[in-house]
Number of protein chains: 2
Amino acid sequence: MEYQEAKEKFISTWGSLGTLWGINKAMAQIQALLFISTKPLTTEEIMAELKISRGNTSMNVRQLIDWGIVNKELVAGERKEFFTTEKDVQELARIIAKERSRREIKPVIKILQDVSGIKDDGRAETQELIKQTKALHELAKTADSLLNKVVDQKQNWLTKSILKMIN
Amino acid sequence: MEYQEAKEKFISTWGSLGTLWGINKAMAQIQALLFISTKPLTTEEIMAELKISRGNTSMNVRQLIDWGIVNKELVAGERKEFFTTEKDVQELARIIAKERSRREIKPVIKILQDVSGIKDDGRAETQELIKQTKALHELAKTADSLLNKVVDQKQNWLTKSILKMIN
DNA sequence: TTAAATTTTCAATAATTATTGAAAATTTGG
DNA sequence: CCAAATTTTCAATAATTATTGAAAATTTAA
């Protein structure tokens with residue numbers, strides 16, 4: 001496999017994987033492109049590389065900035081904006097996990113809490129709803145907490161030691 | 001909040017959450033309905049509760065069975081098929097994590113391995129691609145391994161002890 | 001076997017989501 | 001301040017994905 005083929009394969013794989021971590025294809029592909037770029041890129045360059053429109057590029061770069069994954073870079077003597085992404089995979093994982101927790105997991109935990117907290121009127125249906133959503137609530141809280149904690153360990157010693165522990 | 005409202009809220013929340021774990025809305029809603037049901041349900045009952053068509057119900061129940069989350073139940077003297085879902089949240093999480101690992105994470109790990117394994121021709125671009133995809137490859141392997149191991153602990157003692165450890 | 005009950009399939013259609021492109025808004029060098 | 005360069009917005013459109021519904025296939029009771 002040559003560089004160009006490998007590059008395209010990586011960008012397209014990362015793009016279709018976007019849905020897995022809750023972002024759209026273009027957004028994931030822009031991030032992938034920046035991730036393997038040796039220098040900051042302009043909107044023009046992103047458009048050309050990924051063959052997407054200016055509007056699409058603008059909106060998705062903005063969203064990546066909102067996520068905290070992409071940054072504007074100022075280049076002396078240049079009027080255009082240049083973009084870079086976080087290059088450290090640990091830090092990238094940390095940012096993504098935190099955002100997904102905040103945007104998606106936390107709100108669901110809140111709803112599970114509300115639903116599982118309804119008054120027990122003695123009916124079997126009500127009791128089953130309470131029991132099952134309570135169990136989900138507990139699971140979601142534990143998983144969210146674990147995710148946040150694992151990902152917070154900057155040097156990643158924890159993950160390594162856990163893996164050692166259970167191997 | 002009354003039973004009916006809580007039930008609808010749970011089903012619709014779980015439905016829109018479906019995308020988070022990689023399944024469509026109807027599929028997630030059917031699973032949610034079975035999850036809080038006190039008895040096995042027929043296709044007719046699922047159609048009526050969720051207001052979806054027979055074809056939609058049939059296809060999505062089939063997919064849930066493929067995932068290993070839903071089972072056919074035989075009811076004596078009944079010709080129709082009855083369906084139930086796994087009721088234990090730990091086991092449910094285990095099944096879902098395993099399936100996602102197998103269907104999505106493992107194939108990506110393979111591609112990252114391939115891409116990061118291209119020949120180093122000395123160009124800066126090639127070296128950056130290799131370096132970055134190698135880092136992602138390592139991260140993905142570790143995360144996948146950790147996920148599978150955490151979720152495999154049936155009694156969940158591991159998660160509890162890890163949480164204790166890092167609190 | 002047969003025929004009624006039930007389930008599955010899949011082409012047509014609807015709903016949703018992503019993308020374009022050009023006009024409007026903003027920024028910046030002079 | 002002006003005007004060129006650049007970015008953003010958003011209505012229109014395209015692409016994708018989900019859903020329907022009825023015909024075909026399958027199952028089962030008698």
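Protein chains get the first letters and strands the later ones, always in sequence-line order, with residue 1 at the start of each. Quick note: numbers below take in every heavy atom, side chains included, and nothing from hydrogens, waters or symmetry partners.
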What is the distance, to the nearest angstrom, from the [atom1] atom on [X] to the [atom2] atom on [N]?
| X | N | atom1 | atom2 | answer |
| --- | --- | --- | --- | --- |
| Ile23(B) | dT17(D) | CD1 | C1' | 15 Å |
| Gln63(A) | dT19(C) | CD | C1' | 13 Å |
| Leu74(B) | dT27(D) | CG | P | 14 Å |
| Met27(B) | dT17(D) | CE | C1' | 15 Å |
| Ile46(B) | dT19(D) | CD1 | C1' | 16 Å |
| Lys51(A) | dG21(C) | NZ | P | 15 Å |
| Asn24(B) | dT20(D) | CG | C1' | 14 Å |

Q. Under the salt bridge (Lys or Arg N to Asp or Glu O under 4.0 Å) test, which residues partner Glu78(A), sequence neighbours left out?
A. none

Q. Residues in salt bridge (Lys or Arg N to Asp or Glu O under 4.0 Å) with Asp121(A), at least two apart?
A. Arg123(A)

**Q.** Contact letters for nucleotides 1-14 of chain D, in which S counts primed atoms plus P, OP1 and OP2 and B counts the base, heavy atoms under 4.0 Å
**A.** ---BBSBBBB----

Q: Check which hydrophobic residues are tied to Leu74(B) through side-chain heavy-atom contacts below 4.5 Å, counting indirect links as well, and list them.
A: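 ILVMFWY cluster around Leu74(B) holds nothing else.
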
**Q.** Fellow cluster residues of Phe82(A), listed by chain then number, with links counted only when side-chain atoms sit under 4.5 Å apart
**A.**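 Same cluster as Phe82(A): Val75(A).
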
Run the side-chain donor-acceptor check on residues 108-116 of chain A: report pairs under 3.5 Å with partners two or more places apart or on a different chain.
residue: Lys110(A); atom: NZ; partner: Asp114(A); partner atom: OD1; Å: 3.3
residue: Lys110(A); atom: NZ; partner: Asp114(A); partner atom: OD2; Å: 3.0
residue: Ser116(A); atom: OG; partner: Leu112(A); partner atom: O; Å: 2.9
residue: Ser116(A); atom: OG; partner: Gln113(A); partner atom: O; Å: 3.1

Q. Can you get from Met27(B) to Ile65(B) by hopping between Ile, Leu, Val, Met, Phe, Trp and Tyr side chains that sit under 4.5 Å apart?
A.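 Looking at the clustering, Ile65(B) is in the same group as Met27(B).
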
Q | Pairing nucleotide - dC10(C), Watson-Crick or G-U, each distance under 3.5 Å | A |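 Looking at the geometry, dC10(C) pairs with dG21(D).
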
